[in-house]
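Encoded as structure tokens, the structure appears first; notes follow it.
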Amino acid sequence: MKRFVLRRALGLVLTVWIVVTTAFLMMRVVPGGPFSAERRLPAAVLANVEARYHLDWPIWRQYLQYLGPFNLDSQGLLGDRERPFGGVLAGDLGPSFRYRDYTVNQILGESLPLSLALGSLALAWAVAFGTTFGILAAARRGTKLDLSLRLVAALGIALPSFVIAGLLVLVFSLALGWSPVAGSSTFAHFILPSLALGAPVAAYVARLVRTGLIESLSQDYVRTAVAKGLPYSTVILRHAARGGLLPAVSYLGPAAAGVLTGSLVIERIFAIPGTGSHFVASALSRDYTLALGVTIVYSVLIYSLNALVDFAYTRLDPRIALEEL
Amino acid sequence: MTLLQVDNLRVRYDTPRGPLWAVDQLSFKLESGEMVALVGESGSGKSTTALAILGLVPYSGGTVETGEIWYGGRNLLALDEREFRKLRASEIALVFQDASAALNPFLTIGLQLAEVLEVHRGLSRREALKESARALGDVGIPDPESRLHAYPHELSGGQRQRALIAMSLVAKPKVLIADEPTTALDPAVALAVLDLLKREREERGAGVVLVSHDLELVHATANRVHVMYAGRVIEQADAHELFERPWHPYTAALWRARARIGGERQHRLAAVPGAPAELTALPPGCAFHPRCELATDRCRRERPDLSGLRRAETGVSLSSGRRAACFEKERVAGAHAEAFDA
């Protein structure tokens with residue numbers, strides 16, 4: 001256990017470093033910069049602004065400053081003599097280029113909790129509905145129940161989330177009045193958006209669980225369980241489910257990272273100021289630091305969740321030893 | 001006392017190439033304390049018979065078309081799934097062939113044994129585990145208490161097979177169906193397993209249906225033998241009679257083709273000539289005739305039924321119940337009698 005955690009922690013640092021470096025360089029290769037918008041700035045102003053954010057430095061120096069944890073600026077960090085250190089390693093993701101009065105830490109600190117809350121709820125739906133429906137469909141394979149569940153799952157995958165979101169709002173907010181239309185002030189505000197966000201994930205999980213379970217139902221050891229005279233529910237839940245859930249578990253790792261970091265579409269529709277929009281906006285507006293910030297958050301999440309999946313595997317399948325991962 | 005009686009069993013599988021009858025017109029009886037063997041090449045229907053007795057044919061995608069399987073005054077094939085479930089493992093148990101596939105890799109050995117007792121005997125988990133440890137000890141697994149917590153992959157191959165047998169015996173079933181129980185084992189372990197089955201028969205009067213292609217094993221352990229070919233019994237007899245003087249050319253060929261350990265060194269292993277019958281495209285007449293040296297025109301047209309010898313002068317004693325499905329069985333039996341006399 002200790003070794004596993006240690007190795008994964010090391011792997012995380014290494015991975016994030018590579019991601020940061022690559023993303024940093026790629027951002028700079030893309031033409032245009034944070035201040036080259038439609039409205040051209042006078043040359044002198046541009047030079048001033050760029051000097052303030054050290055964009056006039058050679059790229060290796062900018063990179064070192066960004067990575068930290070130290071300050072290469074003799075004037076103090078962004079002219080602030082009180083803040084001697086900066087950089088990712090010091091936990092400082094830098095100032096946003098676009099939202100002038102905010103740091104990336106502040107932006108993420110406000111938006112990420114909302115996206116995480118929304119995403120966790122969506123995941124909870126997805127796992128609960130996905131596994132239940134998947135198991136039901138596999139257990140009643142070939143029946144009308146199976147057929148209708150598969151149809152619903154196909155719809156969940158095929159329908160774009162904004163359509164599902166629209167339908168949910170139409171029915172539950174406007175027609176029935178059970179739920180607020182938009183906003184993020186109470187728990188009730190999160191129910192509809194999380195359902196819309198979790199629907200495609202639930203559908204995928206249901207399909208994976210169904211196929212996985214059908215596959216494991218054909219195993220010899222499941223036939224043994226039947227030959228032992230166990231009730232059908234025990235055969236399914238105790239003997240077949242474990243092996244059948246493994247594919248869904250490995251899908252859930254990366255899927256969770258995607259859901260937890262927020263969805264632009266869902267957050268826009270329900271007016272939730274989450275991280276989702278920053279992913280798109282920061283790249284388009286060349287907000288170097290914010291784009292790198294969300295990239296770091298995403299890579300940390302995806303790496304940790306994959307480690308969690310590996311850990312879950314060892315819990316589900318005793319043949320996989322934690323020490324070997 | 002008759003424990004189990006199978007009458008006229010017929011099992012159909014629908015395949016993309018048409019229907020096939022994996023078992024056809026099968027009848028046999030199992031007495032208390034007896035071991036009856038079903039012998040044949042793969043595809044002869046012996047494993048399907050084993051599944052049918054446990055009501056697992058529908059589970060494997062087949063249909064029992066006709067037949068009755070009598071156990072304890074009830075026709076098992078007329079039972080509904082709930083009633084049948086109560087009999088599985090508690091009255092009639094199946095020992096599967098390949099323990100590494102038949103044991104659940106995700107669950108501990110202890111749980112896999114204990115759940116049988118929980119379901120059929122209503123024991124608590126604790127009592128069931130205690131009983132399970134005893135069952136593991138009975139099959140010769142050392143330190144059974146600690147093995148309860150082991151997963152199948154943590155046991156050796158021989159121990160896995162023993163654990164599987166312990167699982168089949170844990171609820172003390174009256175009828176034990178053993179599908180190639182020793183195929184995957186080395187000879188020493190195989191002997192121990194056979195010993196165990198023998199003890200069950202002698203001490204508790206359990207009956208064993210041994211499904212096997214290992215003729216040496218069958219010869220040494222079974223009381224009566226049913227030789228199957230293409231889903232039908234083509235010869236049935238007491239074990240020692242059958243191999244001393246086979247009546248059916250297929251039985252004779254099988255016996256010649258067996259691998260002998262410690263016997264005379266053979267340069268080549270004799271094989272039954274030709275390929276096993278294709279069940280979706282059985283030849284007319286006797287299913288074995290394309291591979292048979294003695295085949296006549298009649299064999300190609302007409303299918304022989306099981307019957308006794310017609311003449312007594314062949315020198316073969318007519319034992320009760322001995323039968324073969326062959327028009328030329330007198331010739332086969334005679335040839336063996338001559339070879340025997342000479």
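A note on names: the letters A, B, ... follow the listed sequences, proteins ahead of strands, and every chain is numbered from 1.
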Part of [X] lying under 4.5 Å from any heavy atom of chain A:
X: E154(B); result: neither
X: F106(B); result: both
X: L51(B); result: side chain
X: A101(B); result: both

To the nearest 0.5 angstrom, please state how far the CD atom of E118(B) sits from the OG atom of S132(B).
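Spacing of CD (E118(B)) from OG (S132(B)) equals 8.5 Å.
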Drop me the distance from N306(A)'s CG to L12(A)'s CG, to the nearest 0.5 angstrom.
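Going from CG on N306(A) over to CG on L12(A), the span is 11.5 Å.
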What option among A227(A), G229(A), P231(A) has the most heavy-atom pairs under 4.5 Å with chain B?
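Among the listed options, the one with the most contacts to chain B is G229(A).
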Give the C-alpha distance, both sets of side-chain angles, the deciding distance and a yes or no for salt bridge (charged side-chain N to carboxylate O under 4.0 Å, His left out) between R121(B) and E127(B).
CA-CA 10 Å; R121(B) 298 274 177 274; E127(B) 295 167 321; over 6 Å; no
Among the options N104(B), V119(B), L103(B), pick out the one with the most heavy-atom pairs lying under 4.5 Å from chain A.
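Answer, by heavy-atom pair count under 4.5 Å with chain A: N104(B).
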Near E83(B) CD, under 6.0 Å, is it more than 12 heavy atoms from other residues, nucleotides or ligands?
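More than 12 within 6.0 Å, yes.
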Kindly assign one of parallel, tilted or perpendicular to the pair H226(B) and F28(B), based on the angle between their ring planes and the thresholds 30° and 60°.
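H226(B) and F28(B): tilted rings.
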